[in-house]
J.: 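Structure provided below as C-alpha cells; questions to follow.
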Amino acid sequence: MSSSRRQYPFHLIEPKWQEFWDKQQTFRAFNPGETVPENHPFARRHQLSGPASVTQLPPKFYILDMFPYPSGAGLHVGHPEGYTATDILARYKRAQGFHVLHPMGWDAFGLPAEQYAIKTGQHPRQTTEANIATFKRQIKSLGFSYDWSREVDTTDPEYFKWTQWIFLKLYNSWFNPETNKAEPVSTLEYPKELELLTPPSDSNDREASEKAKQILIKRFAYLDSKRLAYVTEAPVWWCEELGTVLANEEVVDGKSEVGGHPVVRKPMRQWMLRITAYAEKLLADLDTIDWSDSLKEMQRNWIGRSEGAEVDFAVVGSSRCDDRTPQRGVPTEKIRVFTTRPDTLFGATYMVLSPEHKLVDRITTSDQQTAIAKYKSEVAKKSDLERTELAKEKTGVFTGAFAINPVNGEKIPIWIADYVLASYGTGAIMAVPAHDTRDFEFATKFNLPILQVVQPSDPKTDWRGFVDDGTSVNSTGPEIAITGLPTAEAKKKITAWLEAKGLGKQTINFKLRDWLFSRQRYWGEPFPIVWKKDTSGNLYHEALLESALPVLPPSLTDYKPTATGEPPLARAKDWVNLPDGSQRELNTMPQWAGSCWYYLRYLDAKNPNAFVGKEAEQYWMGTVGRAAPSAPRPAGTAGPTPGVDLYVGGTEHAVLHLLYARFWHKVLFDLGYVSTPEPFFKLVNQGLILGEDGQKMSKSRGNVVNPDDILKEFGADAFRLYEMFMGPLEMVKPWSTQGVAGVYKFLGRVWRLFVDEKSETEFEQAETTAGCSVEPAARQIGAQRRRYNEELLDLIQLNSAIKAVAPTPAQLKTLHTCIKKVTEDLDGMRFNTAISAMMVFVNDTMTWETKPAAVLREFLILLAPFAPHLAEELWARLSTLNPQPSTSLSYAPWPKFDPAWLVEDTLEIPVQVNGKLRDVIKVPANADHATVEIAAKAAEKAQPFLAGKTIKKVIVVPKKLVNLVVG
RNA sequence: GCCGGUGUGGCGAAAUGGCAGACGCACAGGACUUAAAAUCCUGGGACCGUAAAAAGUCGUGUGGGUUCGAGUCCCGCCACCGGCACCA
C-alpha cells in the first residue's frame with residue numbers, strides 16, 4: 001500500500017467528533033418517563049421538557065445489530081458492513097424525526113475464552129474483558145451512533161441474572177394445547193390416577209404412605225413431561241474434544257460446528273427446552289414478519305412440518321402367531337408408521353423398522369436373529385456421518401416377520417434398515433418402492449416387489465420411482481377403493497377410512513427436536529437449579545427462588561473438561577455442596593441463552609427490578625406510542641412497527657439464534673412479559689465480504705484485511721463509505737483496497753468543495769513544522785494536544801466560492817435530484833446507489849463558480865449518515881459563514897424533496913426505428929403526441945431507415961421515447 | 001437430489017418493459033510541476049471502418065417465446081454461490 005498524500009485531515013476530525021458525541025451523549029435514547037436534558041439536541045428538535053410521556057415522545061425506531069462475540073482476533077471487515085448499514089439508517093431516521101434506539105453489546109460467553117483458559121489458566125473473565133475492550137475501541141473508532149449507555153454484556157451477573165430468571169420461567173411453565181400457549185405449571189391438572197389420596201389417618205399405615213409417595217414421584221415425572229425446561233436421559237451429541245454435549249443445530253456433517261471435532265451419540269442426563277411445543281407457531285408466524293424468502297425457507301426447512309397419516313400394521317408370522325392372520329385372543333404386535341402418502345398404501349410391498357426400533361427383537365424370527373443382531377451392532381458402531389453419507393448403498397436385513405397391509409390384507413415382509421431413522425416419525429415406515437426413491441433403491445437391491453399405484457399425468461413419464469402427485473391406480477381393496485382418484489382426493493378418502501376403522505389417523509410431524517440446553521462447560525450461565533434426595537434416596541431437581549439470583553459461577557483454577565463428562569463445575573466442591581445437603585446443578589447454559597433476549601435488555605438496560613420495564617418494553621416494541629406514517633409494519637395494521645424495526649446480521653444465525661430467540665420471545669409473550677408475538681419485524685442479512693482474491697478471508701490464505709489498517713490510512717468515513725459502495729448489502733462481494741481509495745478521493749473532493757486551498761496548504765505546513773501529525777492508532781490524546789489540534793484545524797478557511805446567495809434553478813435541480821435519489825435509496829437500503837448520487841452531485845458542484853451555502857448545507861445533511869465526521873466538521877465550518885443558532889447536524893431535519901425543481905422545459909427524446917435507436921430529438925416538455933410524432937418522423941438520422949418504407953405504426957411514450965414501426 | 005440466490009466491460013457495479021454499462025476502480029492521453037506524487041481535464045463494450053471521424057454490425061450465461069420494443073416478463077437448459085439433505 002503506497003502512502004499517498006492525505007486527502008483531508010480525517011486524523012484530526014474523526015477523534016474530535018467522536019469525543020464531541022460522547023460528551024454530549026448525542027445518540028442517547030430516552031425511555032418514557034425520563035427527562036431529556038434541556039440542551040440535548042433531541043429535546044430541542046422535538047421541543048421536549050420535563051419527563052417525556054409515551055405520547056410526547058416521537059415515534060420509535062428500533063435498529064438492531066447482531067451483537068458480536070468479542071473474539072481475540074478483533075473486529076474483521078465483515079462486522080462494520082452490517083454496523084455501517086444500520087448506523088446510516090439510524091442517523092437517517094433521526095433526521096426524519098424518529099426516536100431511534102440503536103444499541104450495541106457483547107455476546108461474551110463461549111468456548112474460545114474457555115479454551116484459552118484451559119491452555120493458559122487465565123480466567124475467561126479476564127480474556128473476555130480484554131477482548132471487549134478491543135472490540136469497543138475498534139467499533140467506537142468507526143463513529144457509530146450507538147447509545148452506549150445501554151451496552152449489555154451477557155457475562156455480566158447483572159445481565160445473566162435475568163437469563164437465569166427467564167430459565168426459571170421456562171422451568172415453571174408448560175404449554176397448554178387447549179389455550180395454545182405457555183402457562184405457569186400451577187394451571188396444570190394432573191391426570192385422574194395421580195390425584196392425591198387423602199392422607200392416611202393412621203401414620204403407621206405404611207402401605208398407604210408408600211402409595212402416596214409413589215404418586216408424588218409420578219406427579220413429579222408428569223410435571224417434568226410438561227415443563228418447557230425439563231431433564232431427560234436421552235442420546236445426545238457428545239463431543240470428546242470439547243468435553244461437552246452439543247445441540248442438533250451445533251452439529252454439522254457429523255462434526256462440531258465449533259472446531260470441527262468428531263461427535264458421537266451417547267445417552268446422558270440433560271436439560272432440554274421444549275421448543276417443539278412451539279413448532280406450529282414458529283412456522284405460522286413467519287408469515288407475519290418481513291424477512292427474506294430464503295431465510296424464512298431455512299427456518300421452515302428446519303422446523304420441517306409434514307402432514308400425513310399414522311397407520312397401524314398388524315404383525316403376523318412371528319413365532320407366536322399363525323402366519324396368515326392374527327387370531328382372536330392372541331396378542332398381536334402392531335407397527336405404527338408415519339406416511340405423507342397414505343394414498344400409496346396399496347403399493348406398500350414391505351415395511352422397514354429403524355434398527356433401534358423397540359419391536360425389532362420381539363418380532364424377529366429365530367432363524368433371523370443372528371443376522372439381525374449383527375446388523376444392529378454394525379449400525380451402532382457407525383457414526384452419524386457414515387450413516388448419512390451421500391450416495392451410500394442401501395443396507396438392511398429381513399426380520400423374518402410379516403405384517404398385514406390393512407387395505408388389502410396382503411402379507412408383506414418386515415425389514416430393518418438404517419435408512420429409516422429412529423428419531424423421526426414413528427421410527428418405522430411402510431415402503432412403497434414404486435413411488436419413493438429410497439424405497440425404490442432398497443427394493444431394487446433386495447428384489448422386493450415394486451407395484452405401481454400412482455399414474456403420472458404425462459403417460460410418457462415412467463411410473464417407476466415417480467414420487468409426484470398423479471392418479472391412483474391398482475388401489476382397490478375389499479373395503480376401500482381409491483383407484484381413479486387424484487392424489488389429493490385419494491389421501492383424504494383413505495385417511496377418512498383409516499380413521500373410521502381405527503387403523504390410523506391424520507398426523508402432523510416435525511423435524512424440529514427439543515433444544516438440548518445444557519453444556520459441560522465453565523464459561524456459561526449456571527443453572528438456578530439444585531438437586532435433592534428424597535427419603536428413598538432418589539434424586540430430584542428443584543428450582544431456586546428468584547431471590548437467589550444471580551447464581552454466580554465458582555472460581556476455579558482448572559477449567560479442563562473431565563473425561564467422564566462431569567462438568568468442570570464439579571471441581572468446586574464448596575460451591576456445589578450446599579449446607580442443606582443439596583447439590584447444585586453442574587451444567588451451564590449454552591452460548592445461545594444470552595443472545596435469546598439481549599434485544600429486550602437494551603430497552604431498559606439498567607433496570608435492577610425487572611428484565612425489562614413494562615413501559616419501556618411497550619414503547620420500544622411498538623405496542624404503545626405514536627405511529628409514523630412511513631414506518632414499516634405488517635400490511636393492514638396501524639401504529640408503530642411491532643418489534644424491532646430492523647435487524648441486520650449474517651446468515652450464520654438463520655436457524656440457531658433466530659429460532660431460539662423467537663421461541664423465548666413467544667414464551668415470554670404467552671406469559672405476559674412482552675407485548676409482541678414476534679421479536680424482529682424486519683430482518684436483513686448482510687452478504688459475506690470475501691478477500692481481495694475473491695476467496696473467503698482466512699489467515700491461512702493471508703488475505704485478511706484488518707480494519708485498523710484501513711482506518712489508519714483512509715479514516716473511518718472512507719471505510720464506512722466503501723463498505724456501502726461495494727454493492728448491495730445482501731450480496732457476497734470481494735474486498736478491494738483500491739476501491740477504498742476511490743471513495744476516499746470522493747471525500748477529498750467534498751472537503752475541497754468546502755475549504756480554501758491556500759489555507760489548507762498553510763495548515764499542512766504548520767502541521768508538518770509542529771511535527772504533531774497524530775496517528776489514528778494513538779487517538780487517546782491529552783487535552784493540550786487536543787487544543788493544539790483545534791488551533792491547527794482553525795487555520796483552514798472556508799472556500800471563498802461559498803456564498804450566502806440564492807441558488808439558481810439549475811443548482812436546485814442538481815440538489816433535488818440528489819435529495820430524491822438518496823432518500824429513495826435509503827428507504828430501499830440501496831446504499832451503493834445513494835453514494836453514486838452524491839458523487840454525481842459533487843462532480844457537478846465542483847464546476848460551479850459560486851456555491852450557494854444553502855445548497856451545500858442541505859447536501860451535508862444527506863452526507864451525514866454516510867460520513868458523519870466529515871459532515872459534522874464541514875457543517876460547523878459552514879455555520880461560521882451564516883452564524884445562527886443551528887441545530888446539531890445529527891438532529892437536523894432531513895431535506896424535503898421538491899419535484900418542482902426537476903421540471904424541464906425541453907426534453908431529449910430518443911427516436912427508434914423498429915426498436916433500434918436512430919436519433920435523439922429535442923421537444924418542448926409540454927409537446928403533445930402529434931407534435932412529438934412529427935418531430936420524430938423528421939429526425940435527421942432516422943431518415944435513411946425510413947426511406948422507401950411505410951410507417952405502419954408509431955409508438956409515443958410520453959416524455960420517454962418514440963418508436964417508428966416500418967414495413 | 002431438494003430449496004433459495006446470482007450470472008451485464010479488464011474489475012466492483014447501475015438501469016419503474018423504453019437511449020445498456022450511471023457511479024467508482026484500474027488503464028491511456030493531456031494540463032500543472034525541474035521531476036514525481038497529489039490535483040484538474042479528456043477518453044474508453046466488442047467488431048468493422050477511417051489519417052481522424054462519421055456511418056454500420058454485434059452485445060447483459062445459453063436456446064426459444066411474448067412485445068412496437070426484453071438485462072428486465074414467460075418456458076427450457078448451463079455455470080457458480082449459499083442452505084438442507086435417507087425427515088418417509
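Labels below follow one simple rule: chain letters A, B, ... track the order of the sequence lines, proteins then strands, and each chain is numbered from 1. Keep in mind the model is a prediction, meaning the values are calculated, not measured.
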J.: Between A:Lys733 and B:G12, is there a contact of a side-chain N or O with OP1 or OP2 at under 4.0 Å?
T.: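 Checking A:Lys733 against B:G12: no side-chain N or O falls below 4.0 Å of OP1 or OP2.
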
J.: Which range-with-range stems can be found for RNA chain B when each stem has 3 or more Watson-Crick or G-U pairs in a row and both distances sit under 3.5 Å?
T.: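 Listed by first number, the stems are B:1-7 with B:78-84, B:10-12 with B:23-25, B:27-31 with B:39-43, B:45-47 with B:56-58, B:61-65 with B:73-77.
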
J.: Does a side-chain N or O of A:Arg918 approach OP1 or OP2 of B:G56 to a distance below 4.0 Å, or not?
T.: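 Checking B:G56 against A:Arg918, a side-chain N or O does come within under 4.0 Å of OP1 or OP2.
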
J.: Give me the atom names and distance for the closest heavy-atom approach of A:Arg918 to A:Lys941.
T.: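 Scanning both residues completely, I find the closest heavy atoms to be O-CB, 3.2 Å.
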
J.: Distance check: side-chain N/O of A:Lys511 vs OP1/OP2 of B:C86, anything under 4.0 Å?
T.: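 Negative; the distance criterion is not met.
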
J.: Would you mind classifying the nucleic acid contact of A:Gln7 as base, sugar-phosphate or nothing, using non-hydrogen atoms under 4.0 angstrom?
T.: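 The residue A:Gln7 makes sugar-phosphate contact but no base contact.
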
J.: Taking atom NZ of A:Lys813 as the centre, does the number of heavy atoms from other residues, nucleotides or ligands within less than 6.0 Å exceed 12?
T.: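 Check fails, neighbour count at 12 or below.
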
J.: With respect to the side chain of A:Met839, which nucleotide from B:A88, B:C23, B:C68 is positioned closest?
T.: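 Among the listed nucleotides, the one closest to the side chain of A:Met839 is B:C23.
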
J.: Work out which heavy atom in A:Thr349 is nearest to a heavy atom in A:Pro449; give both atom names and the distance.
T.: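 In terms of heavy atoms, the two residues are closest at OG1-O, 2.7 Å.
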
J.: Which atom pairs link the protein and nucleotides 15-22 of chain B when you take only N or O atoms and keep those under 3.5 Å?
T.:
unit_1, atom_1, unit_2, atom_2, d
B:G18, N2, A:Gln912, OE1, 3.4
B:A22, N1, A:Ser836, OG, 3.3

J.: Could you grab the distance from atom CZ of A:Arg830 to atom NZ of A:Lys821, nearest 0.5 Å is fine?
T.: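 It comes to 6.0 Å.
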
J.: A:Arg305 CZ to B:C2 C1': how many Å, rounded?
T.: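 After rounding, the reported distance stands at 19 Å.
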
J.: Cation-pi check, A:Arg662 to A:Trp302: give yes when NZ or CZ is under 6.0 Å from the six-membered ring centre and within 45° of the ring axis, no otherwise.
T.: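 Not flagged: A:Arg662 not positioned over aromatic ring of A:Trp302.
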
J.: Out of A:Arg305, A:Glu297, A:Met298, which residue meets the side chain to side chain contact (heavy atoms under 4.5 Å, CB included) rule with A:Asn301?
T.: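 Going through the options one by one, the only one that passes is A:Glu297.
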
J.: If you only use heavy atoms from C-beta on, which nucleotide in B:A13, B:C86, B:A88 is closest to the side chain of A:Ile429?
T.: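 Selected nucleotide: B:A88.
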
J.: Return the 5'-most residue of the pair A:Val732, A:Gly304 with respect to RNA chain B, ranking by each residue's nearest nucleotide.
T.: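 The answer here is A:Val732.
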
J.: Quick one: A:Leu688 CG to B:G4 P, roughly how many Å, whole number?
T.: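 My rounded result for the distance is 22 Å.
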
J.: Before accepting this row, confirm whether a basic side-chain N of the pair A:Arg336/A:Asp312 lies closer than 4.0 Å to the acidic partner's carboxylate O.
T.: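 Salt bridge: yes.
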
J.: Nearest to the side chain of A:Val965, which nucleotide is it out of B:U39, B:G24, B:C68?
T.: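 The answer is B:C68.
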
J.: Could you work out which one of B:A55, B:G56, B:A38 sits closest to the side chain of A:Lys941?
T.: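 That would be B:A55.
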
J.: Please determine whether a side-chain nitrogen of the Lys or Arg among A:Arg300 and A:Asp287 lies less than 4.0 Å from a carboxylate oxygen of the Asp or Glu.
T.: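 Counted as a salt bridge, because a side-chain N and a carboxylate O are separated by less than 4.0 Å.
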
J.: Which is true for A:Phe841 with a 4.0 Å heavy-atom rule: it touches a base, it touches only sugar-phosphate, or it touches nothing?
T.: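 If one applies the 4.0 Å heavy-atom cut-off, A:Phe841 turns out to touch nothing in the nucleic acid.
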
J.: Please pick, from B:A88, B:G56, B:C86, the nucleotide with the shortest atom-to-atom distance to any side-chain atom of A:Phe338.
T.: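 Nearest listed nucleotide: B:A88.
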
J.: Between B:C84 atom P and A:Phe510 atom CZ, what is the distance in whole Å?
T.: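 The answer, rounded to whole Å, is 20 Å.
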
J.: Answer yes if the ring centres of A:Tyr419 and A:Phe442 are under 6.0 angstrom apart, and no otherwise.
T.: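 Ring-ring flag for A:Tyr419/A:Phe442: true, centres closer than 6.0 Å.
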
J.: Rounded to whole angstrom units, what separation is found between the NZ atom of A:Lys758 and the C1' atom of B:U39?
T.: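 Atom NZ in A:Lys758 sits about 17 Å away from atom C1' in B:U39.
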
J.: Please classify the nucleic acid contact of A:Pro944 as base, sugar-phosphate, or nothing, using heavy-atom distances under 4.0 Å.
T.: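 Since no nucleic acid heavy atom lies under 4.0 Å of A:Pro944, the category is nothing.
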
J.: Tabulated below should be each protein N or O lying under 3.5 Å from an N or O of nucleotides 40-49 of chain B; please produce it.
T.:
unit_1, atom_1, unit_2, atom_2, d
B:C40, OP1, A:Arg749, NH1, 2.7

J.: Can you measure from OG1 (A:Thr276) to CG (A:Asp514) and round to the nearest 0.5 angstrom?
T.: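 Between atom OG1 of A:Thr276 and atom CG of A:Asp514 there are 3.5 Å.
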
J.: If you take all heavy atoms of A:Pro413 and A:Leu448, which pair is closest and at what distance?
T.: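 What the structure gives for the nearest pair is CG-CD2, 4.0 Å.
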
J.: Hey, does A:Ser306 reach any base, or is it just sugar-phosphate, or nothing, if we go heavy atoms under 4.0 Å?
T.: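 Sugar-phosphate, backbone atoms only, no base.
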
J.: Between A:Arg752 and A:Glu757, is there a side-chain N and carboxylate O pair less than 4.0 Å apart?
T.: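 A salt bridge is absent here (no side-chain N lies under 4.0 Å from a carboxylate O).
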
J.: Picking from B:G4, B:A88, B:C86, which would you name as closest to the side chain of A:Thr339?
T.: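 When the side chain of A:Thr339 is considered, B:A88 is the closest of B:G4, B:A88, B:C86.
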
J.: Think A:Gln738 has a side-chain N or O under 4.0 angstrom from the OP1 or OP2 of B:G12?
T.: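 No, no such contact exists.
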
J.: Taking the minimum atom-to-atom distance to the side chain of A:Glu297, which one of B:A88, B:C3, B:G5 wins?
T.: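 Within the option list, the nearest is B:C3.
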
J.: Between A:Lys937 and A:Glu933, is there a salt bridge with N-O shorter than 4.0 Å?
T.: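 Salt bridge present between A:Glu933 and A:Lys937.
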
J.: If only side-chain N and O atoms of A:Ser292 are considered, is one of them under 4.0 Å from the OP1 or OP2 phosphate oxygen of B:G5?
T.: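 No, outside the criterion.
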
